[in-house]
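Worksheet: the structure to be examined is printed underneath.
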There are 2 protein chains.
Amino acid sequence: MNTASDRAYAEIRSLILSGDASPGTALREEALADIVGVSRTPVREALKRLEAEHYAIRTPGGRLVVAALDVDDITEIFTLRAMLEGHAAARAARRLGAAALADLRASNAALTDAVARDEPDVAQFLARNRAFHDVIIAAAASPRLVSMLASLVEQPIVRRTAIHYARADLERSAHEHDLLIQAFAARDPEWARSVMAAHIHRALHAFRAAMPSAQP
Amino acid sequence: MNTASDRAYAEIRSLILSGDASPGTALREEALADIVGVSRTPVREALKRLEAEHYAIRTPGGRLVVAALDVDDITEIFTLRAMLEGHAAARAARRLGAAALADLRASNAALTDAVARDEPDVAQFLARNRAFHDVIIAAAASPRLVSMLASLVEQPIVRRTAIHYARADLERSAHEHDLLIQAFAARDPEWARSVMAAHIHRALHAFRAAMPSAQP
DNA sequence: CACGCCGCTCTTGTATACAAATTATCAGGC
DNA sequence: GCCTGATAATTTGTATACAAGAGCGGCGTG
């Protein structure tokens with residue numbers, strides 16, 4: 001969107017995701033308003049949304065601070081994603097059209113390409129991965145599922161940790177995407193669901209292996 | 001909360017839930033501000049939240065109208081609830097303490113009582129049912145799960161349709177709650193999950209049988 | 001008579017001003 | 001020296017004022 005409220009949301013969230021505003025940092029409305037270049041009103045709306053999405057937590061006195069994600073939080077996020085996105089995949093298997101299927105193939109071809117280079121292009125990988133998953137979620141045609149996943153998918157974890165992924169993990173992702181495409185082509189909901197769930201659970205463990213006990 | 005924003009939220013939502021503001025009705029900020037007796041600012045925050053929870057949808061031009069729930073929406077809500085609340089039950093099975101278990105028994109005793117009367121006390125049934133489910137969700141100790149379910153559980157459907165439930169359905173609910181308590185007492189996550197999922201799926205079908213093709 | 005254009009009104013989006021509440025500061029006493 | 005309490009300074013919550021844009025109606029024209 002082009003509204004000041006949405007710009008504030010995007011900018012503040014990116015402060016959090018980039019680590020520029022580390023966990024525990026106070027999110028003061030006026031200071032953020034100065035940073036974004038808008039008034040407090042749209043900043044307040046952005047903060048309410050970030051709070052609802054668990055990017056920030058409110059202190060007893062009503063102040064907001066950037067939320068800290070411990071290992072339990074990350075496990076929770078991935079577990080819910082596995083369940084919900086598995087469900088999305090199952091629904092998508094019944095609904096995906098030829099065009100969307102072609103999109104998936106294209107996304108994953110580009111993703112595979114990004115991984116195959118001498119130095120894997122992580123940014124490209126993430127963008128294509130995101131596009132791939134978004135096609136599936138959209139195909140599920142379930143508005144509540146979309147908004148629930150929106151607050152889980154676009155998470156710090158992904159961009160923070162993909163850097164630490166070994167090439168083997170990236171390749172595995174590409175391969176699992178291929179399996180998903182097969183399940184979709186076969187229009188088999190339960191196959192798609194289990195491949196997706198396995199895909200996300202594996203990502204969780206790859207993450208935990210890479211970052212045993214950090215608190216991003 | 002005691003804040004004007006929360007009062008506005010509660011009041012506007014109850015307008016929607018009661019059917020006083022029927023689907024398609026425009027939600028104009030100033031009119032609602034007059035009704036609630038606050039200014040537009042807290043009303044705006046309330047409306048943003050209601051929009052995020054799918055109680056209202058935004059027209060291309062930025063206006064808000066009360067959302068219409070068709071049968072697909074209701075099926076979606078119950079399906080997601082079955083999945084998420086099943087997950088909550090599984091987690092709760094590992095975590096529920098003796099006190100919480102006693103709470104569940106007490107809630108369900110009262111619920112059973114409300115059903116057993118000559119004229120079943122539906123309001124009492126709903127209150128106790130809600131309390132029962134809330135204990136389980138809280139015991140799951142998963143903040144994201146809590147907020148996801150919050151936007152699904154407190155739904156029009158429950159209070160609108162329970163009135164049409166036959167006594168047999170209410171009794172079945174009470175019985176299924178007993179089964180859940182057994183699963184919790186046995187600390188068996190998968191038993192609890194499947195009983196909860198079955199419980200909610202049955203509720204969906206009881207609903208669909210009672211209201212074949214309405215658009216509340 | 002139908003269609004499209006223009007202008008007005010109404011509604012939302014943003015900024016600012018004010019009130020209430022919370023936290024920090026500092027003085028005093030134990 | 002440390003805790004306690006009052007007071008001052010931030011910070012959030014709410015109200016209002018202003019600006020921009022959407023929708024509506026009336027008018028003219030083909």
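Everything numeric here is computed off the predicted structure, so don't read it as measured data. Here is how names work: the chains are called A, B, and so on, in the same order as the sequence lines, proteins then strands, and each is numbered from 1.
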Touch class at under 4.0 angstrom, heavy-atom based, for B:Leu27 against every strand present: sugar-phosphate
From CG of A:Leu47 across to C1' of D:dT11 the rounded distance in Å is 12 Å
To the nearest Å, how far apart are B:Glu45 CD and D:dT12 P? 13 Å
Are A:Thr41 and C:dT14 close enough that a side-chain N or O sits under 4.0 Å from OP1 or OP2? no
So does B:Arg40 pair up with B:Glu30, basic N to acidic O under 4.0 Å? no
Proximity to the side chain of B:Ser39 - top-ranked nucleotide from D:dT16, D:dG21, D:dG13: D:dT16
What's the CD-C1' distance between B:Glu30 and C:dT9, to the nearest Å? 13 Å
Taking atom CZ of B:Arg187 as the centre, does the number of heavy atoms from other residues, nucleotides or ligands within less than 6.0 Å exceed 12? yes
Does A:Gly62 or A:Val38 map to a spot on DNA chain C nearer the 5' end, using the closest nucleotide for each? A:Val38
Whole-Å distance between C:dC10 P and B:Arg63 CZ? 12 Å
Side chain of A:Glu29 only, heavy atoms from C-beta on: which candidate in C:dT11, D:dA15, D:dG13 is closest? D:dG13
Taking only side-chain N and O atoms of B:Ser5, does any of them lie within less than 4.0 angstrom of OP1 or OP2 on D:dG13? no
Side chain to side chain, B:His177 and B:Ser107, heavy atoms closer than 4.5 Å: no
From CZ of B:Arg44 across to P of C:dT14 the rounded distance in Å is 7 Å
Distance in angstrom units between A:Arg58 CZ and C:dT22 P, rounded: 13 Å
Between P on D:dT12 and CD on A:Glu51, what's the gap in Å once rounded to a whole number? 12 Å
When you measure from the side-chain N and O atoms of A:Arg28 to the phosphate of D:dT11, is any distance below 4.0 Å, counting only OP1 and OP2? yes
List the steps and the verdict of side-chain contact (heavy atoms from CB on, under 4.5 Å) for A:Val153 and A:His133. CA-CA 9 Å; A:Val153 169; A:His133 284 263; 5.7 Å; no
Side chain of A:Arg40 only, please: which of D:dG23, C:dC18, D:dA15 is the nearest? C:dC18
Between A:Pro60 and A:Gly37, which has a closest nucleotide on DNA chain C that is more 5'? A:Gly37
Using the side chain to side chain donor-acceptor pair (under 3.5 Å) rule, take B:His54 and B:Ser151 through it: C-alpha gap first, then chi angles, then the decisive distance, then the call. CA-CA 8 Å; B:His54 299 273; B:Ser151 66; over 6 Å; no
Let me know the distance between CG of B:Asp34 and P of D:dT14, rounded to the nearest Å. 17 Å
Is there a side-chain contact between B:Arg7 and the phosphate of D:dT14, meaning an N or O under 4.0 Å from OP1 or OP2? no
